[in-house]
Amino acid sequence: MKNFNLLSLAEKIKSNPRTKAFFLWLIMPKGEATPRWWVSFFINPFVHKRGRRSIIRRSARLDVLPFRKFNIGKSTTIEDFTCINNGMGDVIIGDDCTIGIGSVIIAPVTIGSDVMLAQHVCLSGLNHGYEDIHTPPNRQKCTTAEIIIEDECWIGANSVVVAGVTIGKHSVVAGGSVVVRDVPPFSIVAGNPAKLIRRYNTSTQEWERPE
């Protein structure tokens, strides 16, 4: 009954534009993505899930709000100068992951376990509209499509993964790549746009170049 009442209250707030705007103002200053200090210290720790032995470095920027998920698994480390934003969707990170220095994660993003993001990796599940030439892109409606990074992946430094892409299990994205389409499991991709350069052959048990 309690959960039902909370869900009903949330739906009522969302359905009333003035009430919604007021609650958003309470949570974060207008025009900013970072929540107010009292939200970060007194609300988020109770609604977001954090696994044992996980580490979030002090200089990491958490633009995370209480009405979206921000969950990290056990023994996962979020390194310095990383920015995570869950304003438009959930951010879920599994166990034993490393989110490298200066990386950016913009929801919706789901990361499996044993995943390595090297330095300055950008995962953005959000896009700004641009179609209306009479309105600046920053005032147009945003769209989202979830990024999924499956278990055991390694994303090289300075790589970009765009909205809607799934990277299959135990795949590697070479440094500096721009991934615009799904990556099959047990694959290596590189380039801009990223292309398949090797894939594991279960028959030969070798990493082979595509024909």
Side-chain angles (χ1 to χ4, degrees), residues 1-117 119-128 138-139 141-149 161 163:
M1 182 63 70
K2 183 178 180 182
N3 287 339
F4 175 78
N5 290 336
L6 288 174
L7 289 172
S8 299
L9 177 61
E11 290 303 320
K12 288 180 180 179
I13 291 172
K14 290 179 182 178
S15 64
N16 187 314
R18 293 184 64 181
T19 304
K20 180 180 177 180
F22 174 71
F23 272 89
L24 286 175
W25 175 83
L26 284 178
I27 291 171
M28 61 184 179
K30 186 176 180 180
E32 297 186 20
T34 304
R36 297 185 187 276
W37 67 269
W38 63 269
V39 175
S40 297
F41 284 96
F42 298 113
I43 296 181
N44 283 346
F46 297 99
V47 297
H48 296 152
K49 296 179 181 178
R50 182 172 171 180
R52 294 179 293 109
R53 299 186 302 278
S54 61
I55 298 171
I56 301 176
R57 302 296 186 194
R58 183 173 297 181
S59 64
R61 174 172 165 171
L62 300 182
D63 291 346
V64 293
L65 302 172
F67 51 79
R68 302 284 190 186
K69 290 181 181 179
F70 171 53
N71 299 342
I72 61 174
K74 63 179 180 65
S75 302
T76 284
T77 299
I78 297 175
E79 289 289 3
D80 288 312
F81 310 112
T82 292
C83 179
I84 297 178
N85 185 302
N86 76 341
M88 295 288 286
D90 299 333
V91 174
I92 300 172
I93 304 173
D95 300 332
D96 300 295
C97 294
T98 300
I99 309 301
I101 292 172
S103 293
V104 176
I105 298 175
I106 301 175
V109 174
T110 296
I111 297 174
S113 296
D114 296 295
V115 171
M116 294 189 299
L117 267 59
Q119 300 81 13
H120 306 289
V121 171
C122 179
L123 312 179
S124 180
L126 177 146
N127 279 313
H128 287 275
N138 65 345
R139 297 181 184 175
K141 185 177 180 179
C142 293
T143 60
T144 61
E146 185 180 18
I147 293 172
I148 299 174
I149 311 295
V161 180

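Predicted, not measured: the structure shown is a model, and the values here were computed from it.
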Taking [X] for the side chain and [Y] for the main chain, is one N or O donor matched with an acceptor at less than 3.5 Å?
X	Y	answer
Asp90	Arg68	no
Ser124	Leu126	yes
Ser59	Phe81	yes
Asn85	Ala33	no

Indicate yes or no: at least one non-hydrogen side-chain atom of [X] is less than 4.5 angstrom from one of [Y].
X	Y	value
Phe41	Arg36	no
Ser40	Leu62	no
Ile92	Lys49	no

Scan the side chains in residues 101-111 for donor-acceptor partners under 3.5 Å anywhere in the protein, sequence neighbours excluded, and list what turns up.
unit_1 : atom_1 : unit_2 : atom_2 : d
Ser103 : OG     : Gly100 : O      : 3.1
Ser103 : OG     : Ala118 : O      : 3.1
Ser103 : OG     : Val121 : N      : 3.2
Thr110 : OG1    : Glu146 : OE2    : 2.5

Please determine whether the number of non-hydrogen atoms from other residues, nucleotides or ligands lying under 6.0 Å from atom CZ of Phe22 exceeds 12.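 Open: at most 12 neighbouring heavy atoms sit under 6.0 Å from CZ of Phe22.
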Can you list the residues that meet the side chain to side chain contact (heavy atoms under 4.5 Å, CB included) rule with Lys74, with sequence neighbours excluded?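 Result, side chain to side chain contact (heavy atoms under 4.5 Å, CB included) vs Lys74: Arg52, Arg53, Asp95, Asp96.
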Stepwise side chain to side chain contact (heavy atoms under 4.5 Å, CB included) test for Ile43 and Ile27: CA-CA 10 Å; Ile43 296 181; Ile27 291 171; over 6 Å; no
Examine the side chains of Arg61 and Thr34 and answer whether a donor and an acceptor come within less than 3.5 Å of each other.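 Short answer, yes.
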